[in-house]
Every structure is written in structure tokens, then in C-alpha cells.
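As the structure is a computational prediction, the values presented were derived from the model and not from experiment. Residue numbering restarts at 1 for every chain, and letters A, B, ... go by the order of the sequence lines.
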Protein chains: 4
Amino acid sequence: MNTKTQKRRLQIIEDAIQVLAEEGYANASIGNIAKKGGISKGVVTYHFPNKMQLMKAVVEHSYGLAAPYMEKFMDGLDSAPATLRAYIESNLRFMFEHPKYVTAIIEVVSNLRTESGELYYKDEDESIYEPLIDIFKWGQEIEGSFREFSPLIMARTVRSVIDSLGPKIANHDISDMESTISEIVDTFDYATRKTIK
Amino acid sequence: MNTKTQKRRLQIIEDAIQVLAEEGYANASIGNIAKKGGISKGVVTYHFPNKMQLMKAVVEHSYGLAAPYMEKFMDGLDSAPATLRAYIESNLRFMFEHPKYVTAIIEVVSNLRTESGELYYKDEDESIYEPLIDIFKWGQEIEGSFREFSPLIMARTVRSVIDSLGPKIANHDISDMESTISEIVDTFDYATRKTIK
Amino acid sequence: MNTKTQKRRLQIIEDAIQVLAEEGYANASIGNIAKKGGISKGVVTYHFPNKMQLMKAVVEHSYGLAAPYMEKFMDGLDSAPATLRAYIESNLRFMFEHPKYVTAIIEVVSNLRTESGELYYKDEDESIYEPLIDIFKWGQEIEGSFREFSPLIMARTVRSVIDSLGPKIANHDISDMESTISEIVDTFDYATRKTIK
Amino acid sequence: MNTKTQKRRLQIIEDAIQVLAEEGYANASIGNIAKKGGISKGVVTYHFPNKMQLMKAVVEHSYGLAAPYMEKFMDGLDSAPATLRAYIESNLRFMFEHPKYVTAIIEVVSNLRTESGELYYKDEDESIYEPLIDIFKWGQEIEGSFREFSPLIMARTVRSVIDSLGPKIANHDISDMESTISEIVDTFDYATRKTIK
DNA sequence: TATGAATGAGTGTTCATTCAT
DNA sequence: TATGAATGAACACTCATTCAT
């Protein structure tokens, strides 16, 4: 695949993300996406032979953008609680700074279905929870800094708080970035720490 | 409006909820909803002159079912932390026992848009957070049992966790009800209590 | 199904037959068929939820028209050769008088394919050959008026000759009805009779 | 036109024949033909500036393959009935051994249309019947071995039997080559010979 | 109240063809 | 020669809505 093609593909993916974030999955038709990019519908179907492949490309591209962003915040931390705080903060910061990517992912993940009607992205794939589970096990079993709780359920809890913020930020329902971040970071710090009541 | 009409309306709303929960918003067409109920498309449009009114009725009906369910658990509690625990538990229990209503609400709330393309249900309406905010203020200002935090942000956090569980439960991604409930209840107990570190 | 619906269905089927006969299968799109009937595309898909069902209805309808036409010619014949002659003559006469139905059948039968790409109407179903096979067995085994030959292969031979005439008649490539009929009838009379060389 | 170009043209024609025989005219798109040959769509349109020219080349090529095959069987025969038998047998044998060429021809001939909607290959061109007409006239007027019948109508009858077998053979609806050939050869022998009843 | 016929806009997708490279 | 990006029209099909009955 040459540079020209890669550029076009990327442009179409970005247009799709824009439409998904602004107008929602139901309005993210091939025609609307093409219109957003000022190109013909045929160009889109040329580069993505069907809609599902475009939607999957949207998800992959957006995740690809988020990943390095998060690593940047998590390098070289020396305790489980500090790493959890960094994980949450970096995720939320990415959302505030790139809300459209997050919204696009959520639109696709919660609406893209297979021909048989089932959601294409089901929660079965628990790989998204693994970094959090690792942090929790570290704090519980090695450091002793976290209280006892189910790492999987806590991971799901953390991620649902993060994920649900995306659309609200994109819709400008939430604007106070710094206080939102620090409050949520503190909340999960209290929620997980071993404490003396 | 007589009894017969009310019955029909209710049947249509329940059919719509069923389709929304099983096949998602995109497949919740008037035709599919009518087919689910074994009635003609015309009956639906007779009782709900357009699709938006039906979708709004779905949300109202489902909220109406959840409300009394929750009050049952919250009556006569004498401390803020206990009331918070009861609020979360009753909400989650409703979800596990009636996941289709929760999924239907989420499908509609996250997809229903006005003609101009904006989400019809925006987070602007903060009335849904009021019960939680009241509990938090009670614990912070009167009892002194809660630590300092933003009641609104904490309310949003609690509700995200609750709301995000709906689809997962409906999809059978989460099955262990009792441990999920107790873990989440504990999590927010630790997250909100005034503690001595 | 009430009268109004039946009428519409029939009108659409007739329009489809007209388009198939005049413009061929490739041009027999839902849009062209609707245009032929001066109705909107939606009416067609309302009565025939997908194209295959319309095409199948075209075949059934056309066969239904041919059947009684042929019986009329074959009643009360008292010898196998005479019945064979009547069978061929009535079939050919139907073609000359209603070439569009025959052409429509051929267009559909030779072009309609399943999703997997196979012809929907395959020759596997040999029921169309049964009347001929019965006549041949009668003449061979009971009357002794026919020479020995494979009834199935002869039946296929007779039907190929009949079927291939349809498009030629419809295209006005063949115009001399009476001599064509009598020549073909004679041909298969000679081809099947027990003779003394 | 140099050798390399001729080779490419031939490869494309063979690929087109393959697709026509396997998937039918409707699926014989430029894209599918190119995919079959593992080449780009552009190569096809470079060698055949439009689809009609490719389809015509398919027909010419396939006829060209059949012709020598048939002559081989007909050389040096000394009577009209023997020549007729050889003509039919060689034609049928070609079909059983190369069904894809025959199917391809039939697909194109019965579907290729001009822009105005008329079949491109009409029966008007009676040159295909000439060899048969010559045989019949030879037997009727010179040898006296054939009975009286219309040479043109009989030629059409013979060819329709031959042509209709192509798709059936390609679809594996007919498998018993030798008996099919001998039965049909016999049938037209009886059908044409001067006999004493 | 209820039906279902009809409409017209919109969906994803396929395709022959053009053209710059 | 060959490529593949791009176009625009056409395709089957779905849908919310209207309306006569």
C-alpha cells in the first residue's frame, strides 16, 4: 500500500470519526462520511469494501492514538497506587484533549452489529482490563498497598467511569477538566487503598 | 384515553423495549416493533404519531418501573452511608432483574437525536443526579460521615458505573450478581467515607 | 389477501414479465419494472419483499397460464403418437400466442441465482419431463407404437426444441407459425415411431 | 499487435470464459474477471476498451475452438446421413469435453445487449445453420436419402438440441455422455431419413 | 381504532468507465 | 503496458410517514 492510498484511508477514517462524534452512529452513513470529506461515495467503498471494515478501522485507529498517550504517563512509577492514579489521569486527559476519538469508539462499539444482530464488540474480550488487573494484583499481593477486592470487577468499574465520560465531554456537558480528573483519581485512590477506619 | 387504548400503548412500549434490548436501536424500526407484537405497522403510528414519541415513552416507562423498585430499598434508612449503599444496591438489583429496561433506556438515550442531529437526551438535565447529591450533602454537611468531594462529580461517577452495567448484564457478559453488587457497594463506601489513613 | 392486493401483485408480475421479455433479465430491475407500471419502487418491494420472490412469482404465474392451455389440446387422445403430436403442438402454439410468458420464464430460469451463485432453477427437478416420459412409456411398453429409446433423453430433446423457440419467436426471428409447428411435430413423429426401414 | 499483448488478451478471454461458465453473465463483471486472473481491473480495460468488446471476443474465441474440433469428425464422409451423424456427434462431444466454452457462449449470446436494449446476437444471422442446411439439401436433392422437410427449420431444431445441452452438461445435470450422444444422433437419423412405414 | 397500501428518501454495495501516473 | 484511484449511476432493500378505507 503506497503513501497516497494510506493518506486517503486516513482521511476517510478521520472523516468517519468526525461524523460519528458529531452526528452519532445512526447518521454515520457512507454518504455522510463522504460528504464530510468532500469526496464521492465511491471513494469510500473503494478503500473500505464494506462499512464494517471502515468502522473497525475507526476503532483501531482511535485506540492506536490513545495507547502511546497513556504510556507516556505511566512510565517509571514505583508504586501501585501511583500507577493507578497515573492510569486514570492519562486516560481522562486523553479524553478531554481528544474527545472525538473516544466518542467515535463508543459509538461504534455500542452500535456495530454482525449480520446476525449481535454486537460485534462484546465484553467477552477482557484484554482491555488487563493493565488495570495487573496494577491491582501488584498492590494487593506484592505491595500490600491495596485492600482486598475483585481485580476484575474493580477494573470494570474504573473503565466504565472513564468510558462514560467520553460522550459527556464531547457534548460539552462536562467542562471542568482539572477538577474532574482530580476528583475521580482521588475517588479510586480511596476506593482501593488499605485504610484504618 | 380509555383503558383499551392504554393497554395497547403499553403493549407497544413493551414490544419496543424488547426489540431495543435484543437488536439495538438501529434495528428498532416501527416495522420490527410491530412484528414483535404481531400487529400492523399502522397500529404503532396510530398510537405514537412519530417514532420519537414512542422512544420517549419507552424511556419514561422504564424509568417509571425503576423508581418504586428503588424506593423500596431506601425507606427508613438512618445514615448517609447506609442510604448510599442501599441506593447502589437497589439500582444494580433492578438491573440484574430487569436488564432489558435498562438496556432499552441506554439504547434510546445514547442514540435518539433531534432533526438537527443533537442527542435528545443530554446530560444537561442533572435531575437524575439529585438523589445522590442529596445523600452526599447529608453525609458531608450534617452527619460528617463522608469526606470532602464534589457531590456532582461523585454522583456522575456512581451513575456511570451503574448505567454501564446494563448492557453487560443484558449481554450475559456479567453473571455473578451478588459479588458484583457487594464489590461495587463496598467500592463506593470506601470511596466516600471519612477515613483515618 | 384481498382483491386489491391480488390485483396489484398481478399487475406487478405482468409488468415484470413485459420487462423481462423486452429488455432481458439484466435490465429487469425493480426500478425498471416499477417504471413500466407507472408506480413507485416502494410498491414493488412492498408486495414482493425481495427480488427473488418476484422472479419466482413470474415463473409460477407463467407456468400457470401455460398449463390449462396445454391440457385443452391433450384431452381425449387415444394413441401415444397422437398425444405426443398434441403435446408439442399445444406447447408451440402457446409460445407463438404468448411469447412473452415463455421468454420471461427462460430469462428467469437461466439467470436467477442463489446468494451462493448457483442457478436457482437447475435441471435436477425432472418433473417437467414427466408428461413426456409417460407418453413415451405408453407408446413403447403398452402400444408398441414407439421404437426403443431413452424416454428421459428424448423428453429432454423435445423440451429443448420447444424452449429454445421462445426467445426466437419473441424476437420475431421466427414468424411462420403453422409451418414451424407442423415441421417440428412431424420431426418428432418420425424420430419416435417404430418404422420399417 | 505483438506476442505479449496477444497472450494477455487470450488470458483475459479465458478468465472471462471461466467466470461466465461458473458464475453466470450477471456476475461476470470486469472486476471478477480480473480477480480470477489475479490482475488489476485496469489491465482488462486496457486490452478491451469496453465490456462489449470483451464479450464479443469471448464468443469469437469459443467458436474458433469449436470449429476445427468439428471438422476433424466430418472429413471424408460419403453420405448425407453419415455426415449429419458426424456433425451432431462432434458437436456434442465438444460440449462434453469443453462445456465451459459452450456455456460462456450461451451466457453472452443470451444476455449481451446493445445500449438500446436489444439482444446483440439475434437469430437473424443464419450463417450458423448453413453447414446443416447444406447437409440436408445434399441428402434431399442429390442423394435422395432424406425425406422432405424444411432444411432451415430442421437446422434450427438440431442446433437448439445441441445448444441447450451446454448448460446442463456444465451444471452436471447430464453425465452419461455416450448414451446421450448416441440417442440424439439416432433421433435425428430417424427424424430425417426417408422411410417406409 | 385499526389496517395495510403507497410513497420517497435513504441505506450499503456493485459496477463500467476514465484517467493520472 | 500496467496500475489502481476516482467517479457517478444503478442496484436491491429498509424505513418513517401518510392516508384512504
Side-chain angles (χ1 to χ4, degrees), chain A residues 1-2 4-9 12 26-34 39-55 115, chain B residues 1-2 4-5 7-9 26-34 39-55 115, chain C residues 1-2 4-5 7-9 12 26-34 39-55 115, chain D residues 1-2 4-5 7-9 12 26-34 39-55 115:
Chain A
M1 205 182 314
N2 64 20
K4 194 180 167 194
T5 296
Q6 280 180 315
K7 246 187 178 168
R8 245 303 188 252
R9 278 181 58 95
I12 294 169
N27 295 110
S29 66
I30 304 279
N32 276 346
I33 292 166
I39 56 179
S40 81
K41 242 175 26 166
V43 188
V44 178
T45 58
Y46 175 78
H47 288 275
F48 298 92
N50 54 56
K51 191 176 177 178
M52 175 163 278
Q53 294 199 23
L54 172 55
M55 293 296 107
E115 285 184 26
Chain B
M1 202 183 312
N2 65 22
K4 197 176 163 194
T5 296
K7 248 187 176 169
R8 247 298 191 259
R9 278 181 57 95
N27 295 111
S29 65
I30 303 280
N32 277 345
I33 291 165
I39 56 177
S40 80
K41 248 176 25 170
V43 191
V44 179
T45 54
Y46 175 80
H47 288 276
F48 299 93
N50 56 54
K51 192 177 177 179
M52 175 164 278
Q53 296 201 22
L54 171 56
M55 293 296 106
E115 285 184 24
Chain C
M1 205 182 313
N2 63 22
K4 194 179 166 194
T5 296
K7 246 187 178 170
R8 245 302 188 255
R9 277 180 59 94
I12 293 169
N27 295 109
S29 66
I30 303 280
N32 276 345
I33 291 165
I39 55 179
S40 83
K41 247 175 21 171
V43 188
V44 179
T45 56
Y46 174 77
H47 288 276
F48 298 92
N50 54 56
K51 191 176 179 178
M52 176 163 278
Q53 294 199 22
L54 172 56
M55 294 294 108
E115 284 183 27
Chain D
M1 205 183 312
N2 65 23
K4 197 178 164 195
T5 296
K7 246 188 178 169
R8 248 296 192 259
R9 277 180 57 93
I12 294 168
N27 295 110
S29 64
I30 304 280
N32 277 346
I33 291 165
I39 55 177
S40 80
K41 245 171 34 164
V43 191
V44 179
T45 54
Y46 175 79
H47 288 277
F48 299 93
N50 56 53
K51 192 178 178 178
M52 174 165 279
Q53 297 200 22
L54 172 55
M55 293 295 106
E115 284 184 25

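- Of the residues in residues 43-54 of chain B, those placing a heavy atom less than 4.0 Å from an atom of DNA chain E are B:V43, B:Y46, B:H47, in numerical order.
- For the atom pair NZ (A:K41) and OG (A:S29), the distance works out to 8.0 Å, reported to the nearest 0.5 Å.
- Residue A:R9 comes nearest to A:H47 through the heavy atom pair NH1-O, 3.6 Å, listed as atom of the first residue, atom of the second, then distance.
- In this structure, D:A28 and A:S29 both approach DNA chain E, and ranking their closest nucleotides by distance from the 5' end singles out A:S29.
- With rounding to whole Å, C:E115 atom CD is found 12 Å from F:dA12 atom C1'.
- With DNA chain F read from its 5' end, the first of the two nearest nucleotides for B:G31 and A:K41 is the one closest to A:K41.
- Mapping D:N27 and C:S40 onto DNA chain E via the closest heavy atom, the residue that lands nearer the 5' end is C:S40.
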Under a cut-off of 3.5 Å for both distances of each Watson-Crick or G-U pair, what dot-bracket string does DNA chain F give, using [ ] for crossing pairs and | for inter-strand pairs?
.||||||||||||||||||||
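- To the nearest 0.5 Å, atoms CZ (A:R8) and CD1 (A:I39) are separated by 5.0 Å.
- Across D:I12 and D:F48, no two heavy atoms sit closer than the pair CG2-CE1, 3.7 Å.
- The two residues D:A28 and D:I33 make their nearest non-hydrogen contact at O-CD1, 3.8 Å.
- Between the CD atom in C:Q53 and the OG1 atom in C:T45 there is a gap of 12.0 Å [rounded to 0.5 Å].
- Taking 4.0 Å as the cutoff to heavy atoms of chain D, we find the contact window on DNA chain E bounded by E:dC15 to E:dT18.
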